[in-house]
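Remember, it's a predicted structure, so these values are computed and weren't measured experimentally.
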Amino acid sequence: MESTGKLSFTNNYNYVPASFWYHFSAASGVELDAFKNPEIIEGNILGTKKLVETTSPDFVKLMSDGLFHYEFNYHDADDKRVVYANLSPIADNHPWLIKTADLVRRQKQVIGERASFYNVFSPTTLLKWALVKNPDGHYDKSKADEKLADIILTDSENVRQALEVITLDVIKQVKAAVNAGADGIYYSTQVIQDTRLGHADFDEFVAATDKQVLKAANQLSDTNILHICGNGGARNAISWFENYPASIVNWSVDTEDISLHEGKEIFPGKIVLGGFGNTAKDVLYRGTQSEIQQFAKRLVQEAGADNLIIGANCTVPRDIDPQHLQWAIEAVQKKSEGLKSYE
């Protein structure tokens with residue numbers, strides 16, 4: 001089924017839904033390996049349970065902590081001239097897919113009847129992370145976009161072929177998550193952060209594979225979330241994403257200086273998600289109850305209650321006071337109750 005812009009799970013509410021999320025480990029997410037450290041999964045389950053119990057969100061983003069990425073499958077294991085060459089799709093019973101399904105099933109057990117969306121990263125993101133993995137297992141993420149731009153400019157055909165294979169693998173991950181019980185995916189992507197590349201490069205090396213994954217996701221679920229990631233101050237040309245086939249769109253409203261109301265004009269007929277900043281400098285983290293709730297109410301008033309979900313730009317700090325999240329959710333519910341219309 002193709003995305004229609006209608007959000008079925010929100011029809012259960014006569015107010016604007018709201019939710020926030022954070023990662024459950026202090027370590028950098030890309031460096032977490034649930035195969036080497038299975039306690040990451042246990043922390044994920046316990047963290048998910050605690051988050052739901054302390055904040056009562058209207059839906060849950062299912063974190064993929066420990067399973068952000070996978071080891072590429074090589075057609076010839078002895079031929080690794082570069083990390084992205086000679087790739088073949090992973091098998092349907094690949095351990096990454098099996099562990100993804102197991103994680104989702106366990107997460108669903110602790111969130112009750114709430115809708116849930118599993119965190120999936122774009123093929124381009126997975127490729128750029130692989131480019132900066134060091135022999136000691138650490139990732140030099142600060143150089144990832146530069147390295148990706150380098151190979152796009154010098155070895156575009158092999159990059160294109162690699163992304164085609166990685167895309168097939170990500171689609172298998174999407175299927176594993178949804179078949180295990182997720183209501184859809186929370187799909188994280190962004191513009192390559194390198195000024196040497198422009199809109200045409202984005203369309204070819206990011207958007208083409210993003211749309212392929214989202215179209216596959218839409219065959220499984222009518223509700224999938226596009227997350228245009230601005231974490232760490234990354235900038236994105238939001239209009240480049242306007243034709244993406246996702247029913248919900250989330251971006252960094254302050255980094256991009258594009259409000260939720262303005263986002264509704266860029267993405268007509270879709271649901272916009274976000275509104276709150278997600279850093280330790282923002283009101284959600286440091287504000288008083290009155291400040292947080294006034295901010296939440298203003299978001300609803302300015303954006304309009306229809307086609308709206310309140311959340312944050314991205315993942316919030318893991319040491320945030322959960323009560324701050326609960327204050328925001330309660331204020332959104334109270335401010336918007338009875339204001340939504342249904343077509």
Side-chain angles (χ1 to χ4, degrees), residues 1-11 16-21 57-62 115-125 170 174 182-191 199 202-203 206-218 220-231 234-278 299-300 302-316 332 336 340 343:
M1 62 186 74
E2 291 294 329
S3 293
T4 62
K6 304 302 180 183
L7 191 55
S8 57
F9 85 85
T10 62
N11 289 337
V16 172
S19 182
F20 302 92
W21 42 85
D58 290 307
F59 67 96
V60 180
K61 178 192 173 190
L62 302 177
S116 59
F117 303 90
Y118 186 73
N119 187 41
V120 171
F121 291 98
S122 73
T124 311
T125 299
V170 173
V174 172
D183 293 284
I185 62 169
Y186 179 94
Y187 185 77
S188 179
T189 188
Q190 64 179 191
V191 172
H199 194 173
F202 171 82
D203 284 343
V206 182
T209 54
D210 283 348
K211 291 177 181 178
Q212 190 175 342
V213 174
L214 286 167
K215 287 178 180 177
N218 290 341
L220 301 167
S221 168
D222 63 357
T223 306
N224 293 293
I225 302 172
L226 168 63
H227 171 57
I228 307 169
C229 188
N231 206 31
R235 295 300 303 271
N236 294 282
I238 299 300
S239 63
W240 293 2
F241 298 85
E242 62 184 348
N243 293 321
Y244 270 51
S247 56
I248 312 170
V249 186
N250 173 226
W251 69 94
S252 179
V253 296
D254 45 9
T255 301
E256 306 298 345
D257 194 26
I258 296 175
S259 69
L260 295 173
H261 176 73
E262 291 168 328
K264 287 184 177 182
E265 297 177 353
I266 297 172
F267 303 103
K270 297 183 184 295
I271 292 88
V272 297
L273 161 62
F276 275 94
N278 68 308
L299 287 175
V300 175
E302 292 176 352
D306 291 333
N307 286 349
L308 178 67
I309 302 174
I310 297 300
N313 292 339
C314 193
T315 304
V316 301
V332 171
S336 63
K340 289 175 58 179
E343 297 179 1

Quick one: pull up CZ in F121 and OG1 in T189 and give me the separation to the nearest 0.5 Å. 10.5 Å
In short, S122 meets D210 closest at the heavy-atom pair CB-OD1, 3.3 Å
Go through the steps for V191 and V206 under the test side chain to side chain contact (heavy atoms under 4.5 Å, CB included), then give the verdict. CA-CA 7 Å; V191 172; V206 182; over 6 Å; no
What one should report as the nearest heavy-atom pair of I258 and G263 is CG2-N, 4.0 Å
CD1 (I271) and OG1 (T223) are apart, to the nearest 0.5 Å, by 7.5 Å
I would like to know whether R235 and T255 meet side chain to side chain contact (heavy atoms under 4.5 Å, CB included); could you show each step before the answer? CA-CA 7 Å; R235 295 300 303 271; T255 301; 3.3 Å; yes
Start with the C-alpha distance between F276 and I310, add both sets of side-chain angles, then the distance that settles side chain to side chain contact (heavy atoms under 4.5 Å, CB included), and finish with yes or no. CA-CA 8 Å; F276 275 94; I310 297 300; 3.8 Å; yes
Are the side chain of N250 and the backbone of L273 linked by a donor-acceptor contact shorter than 3.5 Å? yes
Is the shortest side-chain heavy-atom distance between F117 and N224 below 4.5 Å? no
Should W251 and L226 count as side-chain neighbours, where that means a heavy-atom distance under 4.5 Å? no
Within the distance-only criterion (no hydrogens, no angle test), does the side chain of S252 pair as donor or acceptor with the backbone N or O of G230 below 3.5 angstrom? no
So which atom in L260 and which in A303 form the shortest heavy-atom distance, rounded to 0.1 Å? CB-CB, 3.8 Å
Can you give me the closest heavy-atom contact between S336 and V332, atom names plus distance? OG-O, 2.7 Å
Out of F241, Y187, Y186, which one pairs with H227 under the ring-ring contact (aromatic ring centres under 6.0 Å, His included) rule? Y186
Looking only at heavy atoms, which two atoms of P268 and E265 are closest? And how far apart? CD-O, 3.5 Å
Is a side-chain N or O of D183 found less than 3.5 angstrom from the main chain of D222, in a donor-acceptor match? no
CA sep, side-chain torsions, deciding dist, call: W240, D203, side chain to side chain contact (heavy atoms under 4.5 Å, CB included): CA-CA 8 Å; W240 293 2; D203 284 343; 5.6 Å; no
Nearest heavy-atom pair of A207 and Y244: which atoms, and what distance? CA-OH, 3.1 Å
Measuring from L220:CG to K215:NZ, what's the distance to the nearest 0.5 Å? 15.0 Å
Any donor-acceptor pair under 3.5 Å from N278 side chain to N313 backbone: no
Taking Q190's backbone N and O only, do any of them form a donor-acceptor pair with N236's side chain (distance below 3.5 Å, no angle check)? no
Spell out, as yes or no, whether a donor-acceptor pair under 3.5 Å connects the side chain of K61 to the backbone of N119. no
Counting N and O atoms only, with roles assigned by atom type, does the side chain of D58 sit under 3.5 Å from a partner on the main chain of A18, one being a donor and the other an acceptor? yes
Ignoring hydrogens and geometry, is there a side-chain-to-backbone donor-acceptor pair from K264 to L308 under 3.5 Å? no
